[in-house]
There are 2 protein chains.
Amino acid sequence: MKNLQHPPKEDISLFGILYALSEPVRFSIVEQLADGEELTCGAFKLPASKGKSTMTHHFKVLRDSGLIYTRVEGREHYTSLRREDINDRFPQFLDALLKAYGTTAKNHHSRAFSSKSF
Amino acid sequence: MKNLQHPPKEDISLFGILYALSEPVRFSIVEQLADGEELTCGAFKLPASKGKSTMTHHFKVLRDSGLIYTRVEGREHYTSLRREDINDRFPQFLDALLKAYGTTAKNHHSRAFSSKSF
DNA sequence: CGATTAGTTCTATGTCTATAGTACAATGGC
DNA sequence: GCCATTGTACTATAGACATAGAACTAATCG
């Protein structure tokens with residue numbers, strides 16, 4: 001039984017977000033969702049070295065922090081960024097963060113991670 | 001022998017910063033430095049419940065992440081925010097973060113933490 | 001000098017976390 | 001119906017982290 005819960009907007013904590021994003025793989029997931037696209041887990045560019053259950057864990061941390069929304073359709077899970085909710089609670093923060101990272105680390109990890117379905 | 005090292009600006013990592021700030025006590029330290037003031041450890045408003053060595057640990061995490069600079073004068077340690085270095089590497093990020101938090105959590109922890117020298 | 005103050009260093013401990021292996025469930029294609 | 005696909009759930013484990021007690025250092029004060 002899938003148990004995908006999302007915290008209500010009011011419960012989103014800045015500390016939870018900071019923690020969730022302090023892990024490079026998780027940050028990369030959020031970054032790849034930044035353009036508003038919805039992606040299935042397999043569509044992410046992620047380190048091939050990580051196992052399935054590890055990635056499930058990372059998605060759960062992101063979900064619990066309120067950063068992402070997961071929608072089940074068929075056997076696939078579509079993940080998107082809860083940008084509006086985050087912006088509502090912490091105006092400008094997410095944009096500034098993604099922009100700040102973009103200016104220093106552009107292309108770094110998109111090359112480091114190979115595309116592998118898990 | 002005091003061993004207070006600061007990473008050069010180029011080595012400051014966004015992930016390190018995010019991690020360091022994901023802990024409420026550490027976030028509070030940075031917030032109290034936001035106005036540019038230099039504070040001794042005892043001058044911070046922090047939870048009275050924390051021991052001396054715990055706080056030393058938190059200051060070290062912040063120092064290692066590149067967020068704060070510690071200057072020794074006499075028997076006191078003056079701590080300040082490395083705002084310019086952070087801004088250079090991650091433009092707008094720190095300001096957006098502090099502002100984002102300020103809009104939602106103003107006064108929350110400044111009351112929760114009592115002033116206690118440690 | 002002796003005592004106090006400010007803060008570090010060392011060591012220990014319980015808890016949390018990233019990782020992964022295996023089993024499981026639900027869907028879709030043949 | 002059978003099998004591959006797409007993940008989750010459960011369980012385990014090694015390492016990291018927050019917390020703190022105790023000893024220690026360096027500086028200041030009386």
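Keep in mind the model is a prediction, meaning the values are calculated, not measured. First the proteins, then the strands, lettered A, B, ... as listed; each starts at 1.
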**Q.** All pairs passing side-chain hydrogen bond (donor to acceptor under 3.5 Å, both in side chains) where residues 4-14 of chain B contributes a residue, at least two apart
**A.**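 Sorted result for residues 4-14 of chain B: B/Lys9-B/Asp88.
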Q. Which ILVMFWY residues are connected to B/Val72, directly or by a chain of links, through side-chain heavy atoms under 4.5 Å apart?
A. B/Leu4
Q. How is the hydrophobic cluster of A/Val61 composed, in terms of its other members, when Ile, Leu, Val, Met, Phe, Trp and Tyr link through side-chain heavy atoms under 4.5 Å apart, directly or indirectly?
A. none
**Q.** Short N-O contact, A/Arg71 and A/Glu73, less than 4.0 angstrom
**A.**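 Yes.
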Q. Should we count CD of A/Glu23 as having more than 12 external heavy atoms under 6.0 Å?
A.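 Enclosed.
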Q) Side chain of B/Gln32, backbone of B/Lys45: donor and acceptor closer than 3.5 Å? A) yes
Q: Applying side chain to side chain donor-acceptor pair (under 3.5 Å), name anything that partners A/Arg89, two or more places apart in sequence or on another chain.
A: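 For A/Arg89 there are no side chain to side chain donor-acceptor pair (under 3.5 Å) partners, ignoring immediate neighbours.
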Q | Annotated protein contacts, base or backbone, on nucleotides 14-21 of chain D with a non-hydrogen cut-off under 4.0 Å, one of B, S, - each | A | ---SBBBB
Integer-rounded Å distance: [N] [atom2] and [X] [atom1]:
{"X": "A/Phe59", "N": "C/dT19", "atom1": "CZ", "atom2": "C1'", "value": "16 Å"}
{"X": "A/Lys52", "N": "C/dA26", "atom1": "NZ", "atom2": "C1'", "value": "13 Å"}
{"X": "B/Leu39", "N": "C/dG7", "atom1": "CG", "atom2": "C1'", "value": "16 Å"}
{"X": "B/Tyr78", "N": "C/dT8", "atom1": "OH", "atom2": "P", "value": "14 Å"}
{"X": "A/Glu73", "N": "C/dA26", "atom1": "CD", "atom2": "C1'", "value": "14 Å"}
{"X": "A/Arg71", "N": "D/dT6", "atom1": "CZ", "atom2": "P", "value": "16 Å"}
{"X": "A/Met55", "N": "D/dA9", "atom1": "CE", "atom2": "C1'", "value": "17 Å"}
{"X": "A/Leu18", "N": "C/dT17", "atom1": "CG", "atom2": "P", "value": "15 Å"}

Q. Looking at B/Thr56, does any N or O in its side chain come under 4.0 Å of the phosphate oxygens OP1/OP2 on C/dG7?
A. no
Q) With under 30° as parallel and over 60° as perpendicular, where do the rings of B/Phe27 and A/Phe15 fit, or are they tilted in between? A) perpendicular
List, with names and distances, any nitrogen or oxygen atoms from the protein found under 3.5 Å away from nitrogen or oxygen atoms belonging to nucleotides 1-5 of chain C.
{"from": "C/dT5", "atom 1": "O4'", "to": "B/Arg75", "atom 2": "NH1", "distance (Å)": "3.2"}
{"from": "C/dT5", "atom 1": "O2", "to": "B/Arg75", "atom 2": "NH1", "distance (Å)": "3.1"}

Q. Looking only at heavy atoms, which two atoms of B/Phe90 and B/Leu14 are closest? And how far apart?
A. CZ-N, 3.5 Å
Q: Measure from the side chain of A/Arg63, starting at C-beta and using heavy atoms only, and say which of C/dG7, C/dT8, D/dT8 lies closest.
A: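 Per side-chain heavy atoms of A/Arg63, the pick is D/dT8.
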